[in-house]
Every structure is written in C-alpha cells, then in structure tokens.
Amino acid sequence: MIVEVALPVPLRGGFDYLLPEGQPTPTPGCRVRVPFGSRQLSGVVVTIKQDSEQPTAKLRQLSAVLDHQPILSERLLEWLNWASRYYQHPLGDVISTALPARLRKGDAATIQQTCWQLTETGLAQDSQSLKRAPQQQALVERLQSGRCDARTLKQAFSATVIRALEEKGLIETVEDEYVADTDWPQRIHICGQLTPNLEQSLAITAVNNHAQGFQCFLLEGVTGSGKTEVYLQTIAPLLKQGRQILILVPEIGLTPQTVARFEQRFGIEVAVLHSGLTDKERLRVWQQAGLGEVGIIIGTRSAIFTPLANPGMIIVDEEHDGSYKQQDGWRYHARDLAVVRARMEKVPLILGSATPSLETLNNALGSRYQHLSLGKRAGGANAVKHQVLDIKGQALDYGLAKGMQQRIRLHLQQGHQVMLFINRRGFAPALICHQCGHVEECHRCERSFTLHRQLKKLQCHHCGDAKVVPHRCAACGHPDLQPVGMGTEQLEQGIQRIFPDYSAMRIDSDSARGKQKLHGLLEEINQGKSQLLIGTQILAKGHHFPRVSLVVILDVDSALFSADYRAAEHLAQLITQVAGRAGRAQIQGELWLQTHNPGHPLLQDLLNNGYQHFARLALKERQFAALPPYSYQALFRAEAVDGNLAYGFLEQVKACLQPTDITLIGPLPALMEKRQGRYRMQLLLQSDKRTGIQQWLSNMMSNIEKLPLANKVRWSLDMDPMDFT
DNA sequence: TACGTTTAGTCG
DNA sequence: GACTAAACGTAC
C-alpha cells in the first residue's frame with residue numbers, strides 16, 4: 001500500500017509513503033505525520049495506490065495517522081484539487097491555506113467533551129436511597145438512561161448537586177466523543193419578514209425555482225433596493241430543510257448589524273468567521289459547520305473553505321469587492337472559488353452587488369448567470385444627483401474650488417452633513433526642499449515618504465517604513481522643507497480653517513485603527529457629532545449616512561488616467577457606492593466630482609446614465625482592447641535585489657514559450673518598480689482562450705521551476721491578476 | 001587550521 | 001519553505 005500525501009511545501013505534486021505493517025489504512029482527506037528530509041511534517045492523504053512512480057527504495061514510512069475520519073470530504077478535496085490545477089499552485093499549500101491553523105499544526109480534529117456518568121457504586125445503588133435529596137435523585141435517575149455531557153447537565157442541575165454526588169462517589173466524569181447538536185432547523189422562528197416588492201418577488205421566485213441544484217445568479221441591486229431581504233427570503237425554505245447557508249462579505253462589511261439581521265430573522269445563532277478570531281475559535285466554527293451544527297455561516301474571504309455537512313446555498317455579497325482576492329501566497333479569488341464550489345456541491349450561488357464587476361456582468365449578459373435586477377430604492381429614497389465641477393484653471397483652497405466651498409456651506413447651513421473623499425492618507429504625499437528640490441524618499445521603494453503630521457513621522461505607504469520628520473534637507477541642509485500635495489490630515493486641518501463654525505472628523509485607516517474604533521467613529525457620525533466628514537475609501541463601504549446630503553470626491557483624474565485598466569471601473573464603483581450610502585427620503589442628495597476632464601466619455605456616461613450603462617460601455621471598451629473579461633491573463637511576478645536577475649528569469653520563462661496563441665507582454669517593470677529594496681518585474685500572458693493559458697502552464701510549470709534562475713529570484717504566478725502594482 | 005557565512009541542492 | 005552539506009572567505 002502506497003499513500004500519497006500533500007505537504008505544505010512549495011513543491012508540486014504529492015509525496016509517496018509506505019504504510020507500516022499493521023497500521024489501519026487512512027482514507028483520503030485524513031492527516032498523517034511523515035518524515036520529510038530531516039524533519040517531521042503533517043500533511044493530508046490525497047490517494048491510496050498500489051504502486052509508486054518512485055523506486056521503492058526511496059520511499060519512507062508514514063510516522064503516524066492523525067485522523068480516523070477524513071477532515072476534508074471527498075468533494076472538498078476534489079474542489080481543492082481543481083483549485084490547485086487552475087491556479088497552478090502546489091496542492092499541499094492549497095490544502096494548508098484551506099485548513100484552520102490549529103488543524104495545520106496537527107491538533108485533534110474531533111471534539112472531545114466531558115461527560116458525567118454513574119460510577120459502579122452509582123449503578124449499584126437504588127435511587128430511592130436519595131429520597132431526601134430530590135435534586136440528586138433526579139440527577140441519578142437521569143444518568144441511569146446513559147451518560148450526559150457536562151454542558152447540558154449544568155443547564156438542568158446546579159453545580160452543588162453535581163458536586164455532592166461526585167463527593168459521594170456516585171458519579172464521575174469521562175471524556176467522550178462529541179455528539180453533534182443538529183436540531184437548529186427546529187428552532188427556526190421567522191420574524192420580521194418584509195413584504196417584497198415586485199422586483200424582489202421575481203428575484204426570490206427565480207432563485208427558489210433553482211434551489212435544488214447549481215445555478216449562478218447575479219443579483220444587481222442599487223444600494224437600498226433590498227438585496228438582503230432577497231437573501232433572507234431565498235434562504236428561509238432551505239434553512240427549514242436543515243440546509244446550511246454560507247455567506248461571504250467583504251472584509252470591511254462584516255458588521256455586528258449584518259450578523260444581527262440574520263439572527264433576528266431566523267432566531268438561530270449565526271457563526272461568524274473574521275480576522276479577529278483566535279485560532280481556537282476559528283477551529284470551533286470550522287468543526288461546527290462541518291458537523292452541521294450551524295445553519296448560517298458569515299465570513300470574509302477565507303470562509304469559502306468552511307466545510308458544510310449539508311450545503312444549501314452560497315451567497316457572495318458585494319461580489320465586486322477587491323478584498324475577495326488574496327494578494328499573497330496562493331492568490332485565489334474567493335468569488336471565483338465560490339462559483340466552482342457551488343457547482344460541485346450542486347447548490348445555487350447568489351452574487352450580489354450594486355456595482356457588479358465587469359467579469360460577473362459579462363457572465364450575466366452572456367446568460368451563463370441568471371441576471372436579477374432590483375432597480376427601485378426601497379422606502380422611496382430619492383436618487384442622488386451626480387454632477388461634475390470643472391476645476392481647470394481654478395484656484396483651490398486645500399483642493400477645494402471656491403464654488404464647491406459655497407455649496408458645502410449651503411448644505412451645512414441646512415443642518416446636513418457633508419462628506420469629502422480623498423484617496424490619500426496622511427498630511428501630504430511628499431516633502432520637498434524649497435531650495436534644491438530634493439524629495440525625501442524611501443530608499444527601499446524609491447517612492448516619496450508621506451508626511452504624517454499627527455504622528456510626526458515620514459511614512460512609506462508601500463513598505464511601512466517610518467522615520468522622524470527631518471528639520472533640514474538631506475541633500476543641501478537647508479531647513480525650508482515644504483509639503484507637496486494633499487492627504488486626509490491636511491484636508492481636515494484646511495477644512496476646519498475654511499469652516500471654523502463646524503466640526504470636522506477624519507476617518508481613514510490611521511484614525512480608525514482597529515475594527516471597534518471604526519464602528520465607534522461611524523456611530524458618532526450618525527449621531528451628528530461632526531458635520532464635515534473627511535475620509536478615504538474606508539468610508540464608502542458598508543455604511544449608511546442618512547444625514548449626509550453632499551458628497552464631494554476631490555480628485556477623480558488620477559483614476560481616469562491610470563496605468564491600471566481597471567481603475568475606471570473601480571472609480572465608478574466607488575462613486576456609485578458612495579452615492580448610494582448618502583441621504584434618505586426627505587433629503588435630496590448631491591454628489592460632486594472635481595475634475596480637469598469633465599468631458600471624459602466614461603465619466604460622462606456614468607454621470608448621465610448610471611453604473612449599469614457605464615458598465616456596459618466599459619465592457620465594450622474592454623472587448624475592443626481584448627482585455628479581461630474578453631481575454632484571460634496570467635501574470636508571472638519576479639523580484640530580486642538585483643533587478644537584472646528578475647528580468648533574466650522572466651526572459652527565460654518567455655523563452656520556454658513556443659509561438660502559440662498566447663500573447664506575451666514583458667518582461668516589464670511592475671507599476672511599483674522597487675519595493676522593500678527589491679526590484680520587481682512582470683511577464684503577462686494573455687489569450688482569448690482560457691484553455692490556451694491553462695494548457696501551456698500545466699505543461700511548463702515544472703520546467704520553469706527548474707530554470708537556472710528560478711531559485712535565485714522570488715517569483716510567483718498570479719492567475720487572473722487584479723492589480724499590477 | 002578553525003571558524004563563520006553564503007550557496008546549491010534536496011525533500012518521497 | 002526548511003534544512004544540510006559543501007564551498008567559500010576570513011582570521012590567526
């Protein structure tokens with residue numbers, strides 16, 4: 001018997017081991033401990049086979065089998081196998097990212113629980129002898145029908161009763177296998193269900209009609225159109241059947257309110273997976289979900305790996321959100337993995353967004369996904385008016401044109417709140433010497449340091465390096481150092497100067513360090529403590545600001561002319577999301593964009609015709625330029641202290657490619673050419689057929705790994721890259 | 001020659 | 001990725 005094991009090492013393929021005599025054969029999905037070089041590693045059994053391609057002499061024996069039951073179901077294992085091939089990432093590493101840290105380290109996968117049972121004397125004794133202690137008598141009688149776990153017993157009997165019987169030697173504790181508690185479907189009690197409007201009804205019916213098999217839905221609904229209500233009503237019948245629902249939300253969107261809404265509607269506990277959990281808590285949720293003890297699991301990106309005993313549906317909320325893409329190690333996209341998982345589990349998948357990604361929209365328009373639209377804002381809130389302000393040749397105070405200042409004042413005087421967006425943290429993005437023009441730069445990234453006045457520091461936003469603000473120019477020694485450009489800190493200070501009678505609040509990742517703090521600040525905003533809100537994108541996600549009537553985006557030009565072809569899409573999403581979160585029925589909301597290019601066609605289209613129309617136009621542009629989703633990309637990244645090595649490696653990769661239908665672009669320097677002291681190069685593969693790239697990669701990856709420069713540079717492959725920094 | 005440091009190669 | 005043995009460099 002040969003056991004093939006996937007190990008958490010950056011090497012392709014499994015490793016074969018011999019099963020020691022007398023050992024029970026582990027099934028695929030079980031963890032095992034194996035000798036690997038000079039150390040012991042734990043991995044997961046992938047297959048059991050009769051013979052190995054390796055010479056038998058080379059094979060070593062398994063050290064131990066860690067699980068009696070597989071911790072990964074056959075289906076999950078098959079899914080991860082697919083993912084490993086699709087992303088061209090080693091299976092061992094894929095499996096290890098999919099497992100909770102505790103299981104990776106080899107902790108027990110089964111839950112042990114403490115149970116009470118009668119001792120031998122307890123069994124022999126007649127319970128009538130305890131007549132004078134009715135509680136104790138009841139307890140003994142309860143245990144006569146079998147052991148009972150400590151938690152349940154504590155609910156029925158006081159600790160004193162238990163202790164008394166223990167001291168009498170009638171009962172004792174014993175460690176026992178945990179029995180899953182799966183009666184939550186009976187506890188479901190639907191409350192507070194809203195009457196759906198026509199569009200919501202249509203969407204709910206459409207999903208219900210396909211609830212028993214795989215079907216992918218795009219639920220495109222403007223903010224406030226009641227997407228959540230559709231989720232709630234489509235999952236209700238599934239939950240009642242005891243089927244589990246997995247919900248993915250963006251990192252920033254996982255709020256206690258979201259969780260509370262699901263708990264209130266169904267009256268059952270919702271399991272939550274987010275970055276704040278300890279390893280132990282995370283393992284517990286993983287186990288509960290796998291045993292079928294929880295009906296609803298809400299989590300961020302990595303929650304897609306949660307096992308489900310009886311899956312009913314997967315929902316990816318705000319599917320366009322960038323946080324679904326893992327940006328290091330195995331660069332998976334949780335939304336894309338969700339599609340494949342739903343297909344394998346034979347359950348429906350809902351992708352929800354007010355501003356769907358062009359990839360998803362394209363799938364919906366091409367009928368691969370069923371397209372459901374919610375166009376009306378529930379509760380009759382007015383649509384926010386979009387307008388542009390041409391700032392060509394205008395004098396700006398802290399980035400604000402005079403006309404804009406007047407408009408802001410108008411809204412403030414009406415007692416409303418005003419929100420200002422700028423895409424830069426800190427005080428100023430650079431510090432320049434007024435005498436010689438020298439700019440303070442991070443030597444590891446060759447980018448200017450951002451000035452943080454509050455922290456009294458210069459900080460590199462690319463590597464996190466920080467130093468104290470110098471008093472003199474490092475080049476000429478002159479003390480006249482001036483900030484250039486503007487960030488949130490400076491805007492806050494400036495806006496306070498222009499509007500001294502109103503209070504300003506800044507919300508960015510500096511001021512809102514820590515999740516709790518962000519929620520606190522958002523609370524304060526909605527209580528009306530500040531009238532002027534200054535922030536970065538962090539403000540745009542997941543929160544409503546009913547008192548805000550005016551939103552200003554200070555600079556949209558950088559996105560319109562970015563080297564990243566997705567920048568316009570992301571800007572449009574930001575603008576639409578922001579507009580959707582401001583204002584309410586009684587207040588006519590306004591959104592203003594300051595730009596030097598008021599006539600830009602995409603901007604005009606967005607303003608006049610809304611995101612839906614813009615997205616279709618942007619898709620046409622992508623099609624014309626043969627960009628995703630009309631072509632498929634894979635990106636080789638390489639970095640090294642010596643830029644020539646990174647370049648040379650990618651040249652070697654390029655040389656592996658025979659002329660085929662794959663277009664190669666590069667090697668080119670990354671958009672951020674140097675980072676943390678390393679030069680970064682990229683080689684982009686593009687093809688109009690996904691299979692073309694896939695085939696070439698699966699044939700070539702092992703050759704690429706053996707290239708002479710492959711272990712001299714740090715390199716990685718990014719399937720469906722989302723950014724080119 | 002003894003020691004610390006970098007590098008190439010391997011892992012079943 | 002982590003580890004080891006070999007190669008290399010340096011001090012005495």
Side-chain angles (χ1 to χ4, degrees), chain A residues 1-21 23 25-67 72 77 80-81 83-85 87-106 279 302 326-332 636-646 648-649 652-653 675-680 701-718:
Chain A
M1 278 295 193
I2 308 283
V3 180
E4 187 181 341
V5 182
L7 293 169
V9 287
L11 299 168
R12 251 146 254 288
F15 292 82
D16 293 348
Y17 286 89
L18 295 165
L19 190 69
E21 288 290 320
Q23 266 283 356
T25 316
T27 44
C30 287
R31 288 171 303 163
V32 288
R33 249 187 124 60
V34 294
F36 190 72
S38 59
R39 60 211 162 113
Q40 291 283 122
L41 289 178
S42 25
V44 172
V45 176
V46 191
T47 41
I48 310 287
K49 48 194 185 181
Q50 285 308 316
D51 33 32
S52 170
E53 284 156 35
Q54 299 291 325
T56 322
K58 213 181 162 187
L59 299 182
R60 299 169 77 181
Q61 285 198 335
L62 283 183
S63 326
V65 177
L66 299 177
D67 301 303
L72 287 169
L77 207 53
L80 294 175
N81 237 309
S84 159
R85 287 193 305 273
Y87 286 98
Q88 296 294 329
H89 197 84
L91 180 61
D93 206 40
V94 165
I95 290 178
S96 124
T97 20
L99 292 178
R102 287 281 184 128
L103 292 186
R104 226 176 307 166
K105 276 187 284 173
D279 289 348
S302 62
Q326 173 84 29
Q327 286 297 11
D328 57 342
W330 171 28
R331 295 171 169 258
Y332 66 87
F636 278 99
R637 304 163 186 272
E639 54 176 74
V641 180
D642 178 358
N644 290 325
L645 286 180
F649 169 71
Q652 289 176 352
V653 173
R675 187 168 185 172
Q676 306 205 346
R678 296 169 169 276
Y679 287 91
R680 309 160 77 234
M701 280 309 264
S702 52
N703 292 356
I704 289 168
E705 272 170 347
K706 285 184 206 117
L707 288 174
L709 282 174
N711 45 16
K712 291 206 167 56
V713 303
R714 253 193 231 173
W715 68 278
S716 62
L717 176 68
D718 189 355

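Labels below follow one simple rule: chain letters A, B, ... track the order of the sequence lines, proteins then strands, and each chain is numbered from 1. Basis for what follows: all heavy atoms, side chains included, without hydrogens, waters or symmetry-related copies.
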Novice: So, using side chain to side chain donor-acceptor pair (under 3.5 Å) as the criterion, who are the partners of A:Asp51 when residues are at least two apart?
Specialist: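 Testing A:Asp51 for side chain to side chain donor-acceptor pair (under 3.5 Å), a comparison that skips the adjacent residues, returns none.
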Novice: For residues 28-49 of chain A, which residues have at least one heavy atom under 4.0 Å from DNA chain C?
Specialist: A:Phe36, A:Ser38, A:Arg39
Novice: Residues two or more places apart in sequence or in another chain: which of them pass side chain to side chain donor-acceptor pair (under 3.5 Å) with A:Lys105?
Specialist: none
Novice: Using heavy atoms and a sub-4.0 Å distance, could you list which residues of residues 51-64 of chain A are near DNA chain C? By number, please.
Specialist: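 Here the set is empty: none.
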Novice: Rounded to whole Å, please give me the gap between CZ in A:Phe15 and P in B:dC11.
Specialist: 9 Å
Novice: Indicate every side-chain donor-acceptor pair of residues 2-19 of chain A with a distance under 3.5 Å to a residue at least two apart or in another chain.
Specialist:
{"residue": "A:Glu4", "atom": "OE1", "partner": "A:Thr47", "partner atom": "OG1", "Å": "3.0"}
{"residue": "A:Glu4", "atom": "OE1", "partner": "A:Lys49", "partner atom": "NZ", "Å": "3.0"}
{"residue": "A:Arg12", "atom": "NE", "partner": "A:Glu705", "partner atom": "OE2", "Å": "2.8"}
{"residue": "A:Arg12", "atom": "NH1", "partner": "A:Gln88", "partner atom": "O", "Å": "3.0"}
{"residue": "A:Arg12", "atom": "NH2", "partner": "A:Gln88", "partner atom": "O", "Å": "3.3"}
{"residue": "A:Arg12", "atom": "NH2", "partner": "A:Glu705", "partner atom": "OE2", "Å": "3.4"}
{"residue": "A:Asp16", "atom": "OD1", "partner": "A:Lys49", "partner atom": "NZ", "Å": "3.2"}
{"residue": "A:Asp16", "atom": "OD2", "partner": "A:Lys49", "partner atom": "NZ", "Å": "3.3"}
{"residue": "A:Asp16", "atom": "OD2", "partner": "A:Ser52", "partner atom": "OG", "Å": "2.5"}
{"residue": "A:Tyr17", "atom": "OH", "partner": "A:Pro35", "partner atom": "O", "Å": "2.8"}

Novice: Please list, one pair per line, the donor and acceptor atoms closer than 3.5 Å that link side chains of residues 37-44 of chain A to other protein atoms, with sequence neighbours excluded.
Specialist:
{"residue": "A:Gln40", "atom": "NE2", "partner": "A:Ser63", "partner atom": "OG", "Å": "2.8"}
{"residue": "A:Ser42", "atom": "OG", "partner": "A:Arg33", "partner atom": "NH1", "Å": "3.3"}

Novice: Residues in side chain to side chain contact (heavy atoms under 4.5 Å, CB included) with A:Asp642, at least two apart?
Specialist: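 A:Asp642 satisfies side chain to side chain contact (heavy atoms under 4.5 Å, CB included) with A:Asn644, A:Leu645 once adjacent residues are dropped.
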Novice: Could you name each residue pair satisfying salt bridge (Lys or Arg N to Asp or Glu O under 4.0 Å) that touches residues 93-103 of chain A, not counting sequence neighbours?
Specialist: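 Matches after skipping sequence neighbours: A:Arg102-A:Asp107.
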Novice: Contact boundaries of DNA chain C with chain A (under 4.0 Å, heavy atoms), 5' to 3'?
Specialist: C:dG1 to C:dT4
Novice: Determine the contact category for A:Ile2: base if any of its heavy atoms lies under 4.0 Å from a base atom, sugar-phosphate if only primed atoms, P, OP1 or OP2 are that close, otherwise nothing.
Specialist: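 Nothing, no heavy atom under 4.0 Å.
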Novice: For A:Arg331, give me all partners under side chain to side chain donor-acceptor pair (under 3.5 Å), at least two apart in sequence or on another chain.
Specialist: A:Gln327, A:Asp718
Novice: Produce the list of close N/O pairs, under 3.5 Å, pairing protein atoms with atoms of nucleotides 4-9 of chain B; give distances to one decimal.
Specialist:
none

Novice: By salt bridge (Lys or Arg N to Asp or Glu O under 4.0 Å), which residues pair with A:Arg680, not counting sequence neighbours?
Specialist: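 With sequence neighbours excluded, A:Arg680 shows a salt bridge (Lys or Arg N to Asp or Glu O under 4.0 Å) to A:Glu639, given in chain and number order.
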